[in-house]
Amino acid sequence: MAQRTIQSEERLRAIELLLLWEGRVSRARLLQLFDVHETLASRDIAAFRLRYPHACVPVPNAKAYDRARRMRPDLTVGLFSEYERLIGA
């Protein structure tokens with residue numbers, strides 16, 4: 001169970017970094033970065049939205065969420081190097 005929690009927190013940090021550096025997050029993007037089921041990726045995004053309701057806004061036609069103007073990093077420092085590590089650059 002603890003391992004699942006660690007992995008879930010890692011995906012929540014990824015959501016934050018994607019919003020900060022790409023300006024958008026979607027289930028499809030999480031699936032590109034993590035080997036998880038679609039349902040789990042959707043749950044992670046929903047969990048992020050519950051914890052940080054003012055961090056992103058839905059884009060229904062794109063099935064994605066855009067970064068909100070007032071979003072500030074909470075789970076990460078928000079450094080570009082963190083984003084680079086996430087995407088494997």
Side-chain angles (χ1 to χ4, degrees):
M1 180 92 157
Q3 183 65 20
R4 188 177 344 169
T5 303
I6 292 169
Q7 292 171 347
S8 187
E9 285 296 315
E10 181 181 349
R11 291 189 301 274
L12 292 178
R13 286 190 297 274
I15 291 168
E16 182 174 275
L17 289 169
L18 291 171
L19 286 168
L20 287 169
W21 293 103
E22 295 182 4
R24 178 172 281 189
V25 67
S26 66
R27 181 180 68 186
R29 184 66 172 119
L30 283 182
L31 295 175
Q32 289 175 344
L33 298 170
F34 297 96
D35 184 27
V36 297
H37 192 273
E38 293 175 358
T39 303
L40 193 52
S42 293
R43 285 181 187 164
D44 289 334
I45 292 173
F48 182 86
R49 293 190 67 219
L50 280 174
R51 281 171 72 173
Y52 307 102
H54 302 294
C56 57
V57 293
V59 182
N61 293 338
K63 295 184 180 178
Y65 297 88
D66 281 354
R67 175 187 177 176
R69 288 183 181 172
R70 56 182 157 177
M71 180 191 177
R72 299 290 178 261
D74 187 65
L75 300 169
T76 66
V77 178
L79 297 175
F80 186 70
S81 59
E82 293 173 300
Y83 172 71
E84 287 180 311
R85 278 191 301 275
L86 173 65
I87 62 170

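Reckoned from all heavy atoms, side chains included, excluding hydrogens, waters and symmetry mates.
- In this structure, the side chain of Glu9 does not engage the main chain of Thr5 through any donor-acceptor pair within 3.5 Å.
- Across every non-hydrogen atom of Pro73 and Val77, the tightest pair is CG-O, 3.6 Å.
- At a threshold of 4.5 Å between non-hydrogen side-chain atoms, the residues Leu75 and Phe48 count as touching.
- Remark: the backbone N or O of Leu17 is not paired with any side-chain donor or acceptor of Glu82 at under 3.5 angstrom.
- Of the possible polar contacts, none joining the Glu38 side chain to the Arg27 backbone as a donor-acceptor pair under 3.5 Å is found.
- Between Leu19 atom CG and Tyr52 atom OH the span is 12.0 Å, to the nearest 0.5 Å.
- Here Leu86 contributes atom CG and Glu84 contributes atom CD; the two are 11.0 Å apart, rounded to the nearest 0.5 Å.
- Proximity of Leu12 to Ile15: side-chain heavy atoms (C-beta onward) are separated by under 4.5 Å at one or more points.
- Two residues are said to be in side-chain contact when any heavy atoms from C-beta on lie closer than 4.5 Å; Cys56 and Arg49 meet this criterion.
- Lys63 is not listed as a side-chain neighbour of Ser26, based on a closest heavy-atom distance of 4.5 Å or more.
- Note on Tyr65 and Val57: separate hydrophobic clusters, where clusters join Ile, Leu, Val, Met, Phe, Trp and Tyr whose side-chain heavy atoms are under 4.5 Å apart, directly or indirectly.
- Leu20 contributes atom CG, which lies 5.0 Å from atom CZ of Arg67 (distance to the nearest 0.5 angstrom).
- Just one residue in the list Leu30, Leu50, Leu40 forms a side-chain contact (heavy atoms from CB on, under 4.5 Å) with Ile45, and that residue is Leu30.
- Under the side chain to side chain donor-acceptor pair (under 3.5 Å) criterion, Glu22 pairs with Arg29, Tyr83, sequence neighbours left out.
- In the hydrophobic cluster analysis, where Ile, Leu, Val, Met, Phe, Trp and Tyr join through side-chain heavy atoms closer than 4.5 angstrom, Trp21 is grouped apart from Val59.
- Put simply, Phe80 and Leu33 are part of the same group of oily side chains (I, L, V, M, F, W, Y) that touch within less than 4.5 Å, one to the next.
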